[in-house]
Visitor: 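One structure is given below, represented as structure tokens, and several questions about it will come after.
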Amino acid sequence: MASYDIVVFGATSFVGQLVCRHLWQRYGADGELRWAMAGRSREKLESVQRGLGAEAATVPLFVADSSDEGSLETMVQQTRVVLSTVGPYALYGTELVKVCAERGVDYCDLTGEVQWIARMIDRFEATAKGSGARIVHCAGFDSVPSDLGVHFLQREAMDQFGAPCKRVKFRLKAASGGFSGGTVASLINALKEASADPKVRKRMADPYALCPSTSEQRPRQPDVRFKEYDPDAKSWVAPFIMAAINTRVVHRSNALLGYAWGYDFQYDEAVMTGRGAKGWLGALAAGGGLAGLMGAVALPPTRWVMERFVLPKPGEGPSPEAQEKGFFDVRLFGTTERGETLAVKVYGERDPGYGATSRMIGEVAAAMATQAGEGARAGGFFTPSVLLGDALLERLQAHAGMRFERLSH
């Protein structure tokens, strides 16, 4: 029997510290859920302990390194769930996924790296199914609001119409808060991989990159690449940088559910910029700005300048005040095969990249730790919604500052 329910690996990282604070505030050191902290430096782990308060000195610590399989083995054998914040995961995450898959220990992380997730599924899914390990990637802002938002919308559609929505649009209406340094580092690493390997580039461009292969014909997917007007959102829209991972996760959810939403299900994501001339100009600027950013990051000389002088670095993050003031507001619009329409809202307190993300993955890990025994899914690679469903929906609303609401549309 495992000594702990959750071990936070990467507890000394910026987001890792926020996760630990969330678990400390929820469970303390001796609550209903037993948890521990892990990282490369005992000194830094002890500093995180002190930052939580004097009573946190009783939270157990593990020294483990992503490149030392022996230390990972020791850590993994002590827990039911490993929560990892150590990215870029393509550089530092593979050994830990391997060990968890082999040892039958559940695992969740914050990756948004399509190419790496695809490799993990290819290499370790059979192992995880055999051992009973349940692996969940993308348990933060990418891609919980998208994945659980579609889950909630489809649940409401089945309740009202008796049929799922065949076409769903995710539209980010508003948000306050920046990207984390870890997210930026992961994006840069993914672009490096794509520029060096045409096969990686091709797979990253495939909307079904994370879906099991099938002989069924699947449709071309809509993709907002520049600016366009969306009559459902009643707004001009521009590309959303996180659509490249979120859309893949949502399509994997549909596939894992046996294509419950149909082989012809279509899904895309975009940012709302408003109506009229102001909205048009906003979409033009946002679309051009994103294209410029991606172009600059893709080229080695400008990437070096961006990394050194412009983009946030891993370990950096906003002040507690900025985290508290942050938020995100998402609208999802769905249409059934018969033309019936439905709209829902997903709202989250705190800034998406840090305050909100840390609470999301904390609740994903807690849900995994408490969802066991009869009725629990067997091992494999899952999306948050497919593995945890309504139980996670309830946790996010009760403990992570999120709201899922049906709108009149």
Side-chain angles (χ1 to χ4, degrees), residues 66-67 84-98 100-101 107-128 135-143 146-147 179-214 218-225 239-256 267-269 290-304 306-307 311 314 380-383:
S66 58
S67 62
S84 175
T85 70
V86 180
Y89 292 88
L91 299 179
Y92 307 117
T94 300
E95 284 300 316
L96 181 54
V97 172
K98 172 179 177 287
C100 287
Y107 166 97
C108 61
D109 66 28
L110 295 170
T111 188
E113 301 156 74
V114 174
Q115 84 290 358
W116 180 72
I117 298 170
R119 286 200 295 269
M120 295 302 95
I121 293 171
D122 291 346
R123 290 177 59 181
F124 302 122
E125 184 162 43
T127 303
I135 311 295
V136 175
H137 299 297
C138 309
F141 186 61
D142 50 344
S143 302
S146 305
D147 191 37
F179 287 105
S180 72
T183 296
V184 171
S186 295
L187 171 64
I188 289 173
N189 184 70
L191 290 172
K192 287 178 181 177
E193 285 195 44
S195 63
D197 189 338
K199 291 182 180 178
V200 171
R201 197 156 57 242
K202 181 179 179 181
R203 190 155 193 182
M204 287 175 65
D206 181 3
Y208 304 106
L210 303 182
C211 295
S213 59
T214 177
R218 296 180 293 202
R220 290 178 62 87
Q221 290 295 324
D223 187 11
V224 177
R225 291 178 178 268
F240 180 39
I241 192 170
M242 299 177 78
I245 177 61
N246 294 340
T247 54
R248 278 60 172 168
V249 171
V250 169
H251 284 301
R252 180 167 176 82
S253 289
N254 185 33
L256 293 178
Y267 177 77
D268 74 326
E269 299 192 344
L290 180 58
L293 172 65
M294 297 301 285
V297 172
L299 298 171
T302 49
R303 180 169 64 230
W304 181 86
M306 297 286 284
E307 285 183 285
L311 298 171
F381 280 66
F382 297 95
T383 61

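If you read the sequence from its start, that first residue is 1, and numbering goes on from there.
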Visitor: Would you mind listing every salt bridge (charged side-chain N to carboxylate O under 4.0 Å, His left out) that reaches into residues 107-124, with sequence neighbours excluded?
Guide: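 Residue pairs with at least one partner in residues 107-124: Arg119-Glu193, Asp122-Arg203.
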Visitor: Which residues pass the side chain to side chain contact (heavy atoms under 4.5 Å, CB included) test with Pro198, sequence neighbours left out?
Guide: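 Pro198: side chain to side chain contact (heavy atoms under 4.5 Å, CB included) contacts with Arg201.
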Visitor: Which heavy atom of Arg218 sits nearest to which heavy atom of Pro212, and what is that distance?
Guide: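 That would be NH1-O, 3.6 Å.
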Visitor: Excluding sequence neighbours, so at least two apart, what forms salt bridge (Lys or Arg N to Asp or Glu O under 4.0 Å) with Arg248?
Guide: none
Visitor: Of all residues at least two apart in sequence or in a different chain, which pass the ring-ring contact (aromatic ring centres under 6.0 Å, His included) check with Tyr208?
Guide: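 With neighbours one apart ignored, the set is His251.
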Visitor: Sequence neighbours excluded, which residues qualify as side chain to side chain donor-acceptor pair (under 3.5 Å) partners of Ser213?
Guide: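 With neighbours one apart ignored, the set is empty.
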Visitor: Would a 4.5 Å heavy-atom cut-off, applied to side chains only, mark Ile117 and Ile245 as touching?
Guide: yes
Visitor: I need the Cys108 SG to Ile135 CD1 distance, nearest 0.5 Å.
Guide: 9.5 Å
Visitor: Just to verify, what does Asp197 make a salt bridge (Lys or Arg N to Asp or Glu O under 4.0 Å) with, not counting sequence neighbours?
Guide: none
Visitor: Can you list everything that forms a side chain to side chain donor-acceptor pair (under 3.5 Å) with Asp147? Sequence neighbours excluded, please.
Guide: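 Counting only residues at least two positions away or on another chain, Asp147 forms a side chain to side chain donor-acceptor pair (under 3.5 Å) with Ser253, Ser385.
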Visitor: Sort and list the pairs that fulfil ring pair (Phe, Tyr, Trp, His ring centres under 6.0 Å) and have at least one residue in residues 108-128, not counting sequence neighbours.
Guide: Tyr89-Trp116, Trp116-His137
Visitor: If I compare all heavy atoms of Ala209 with all of Val114, which pair ends up nearest, and what's the gap?
Guide: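 Distance-wise, the nearest heavy atoms are CB-CG1, 4.0 Å.
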Visitor: Residues two or more places apart in sequence or in another chain: which of them pass ring-ring contact (aromatic ring centres under 6.0 Å, His included) with Tyr267?
Guide: none
Visitor: Enter the distance from Met242:CE to Cys138:SG here, rounded to the nearest 0.5 Å.
Guide: 9.0 Å
Visitor: Answer whether the closest heavy-atom distance between the side chains of Thr247 and Phe240 falls below 4.5 Å.
Guide: no
Visitor: Working to the nearest 0.5 angstrom, can you tell me the gap between Thr85 OG1 and Tyr92 OH?
Guide: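 If we round to the nearest 0.5 Å, Thr85:OG1 and Tyr92:OH are 13.0 Å apart.
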Visitor: Excluding sequence neighbours, so at least two apart, what forms side chain to side chain donor-acceptor pair (under 3.5 Å) with Glu95?
Guide: none
Visitor: With sequence neighbours left out, write down each residue that passes side chain to side chain donor-acceptor pair (under 3.5 Å) with Ser146, or none if nothing qualifies.
Guide: Asn246, Glu269
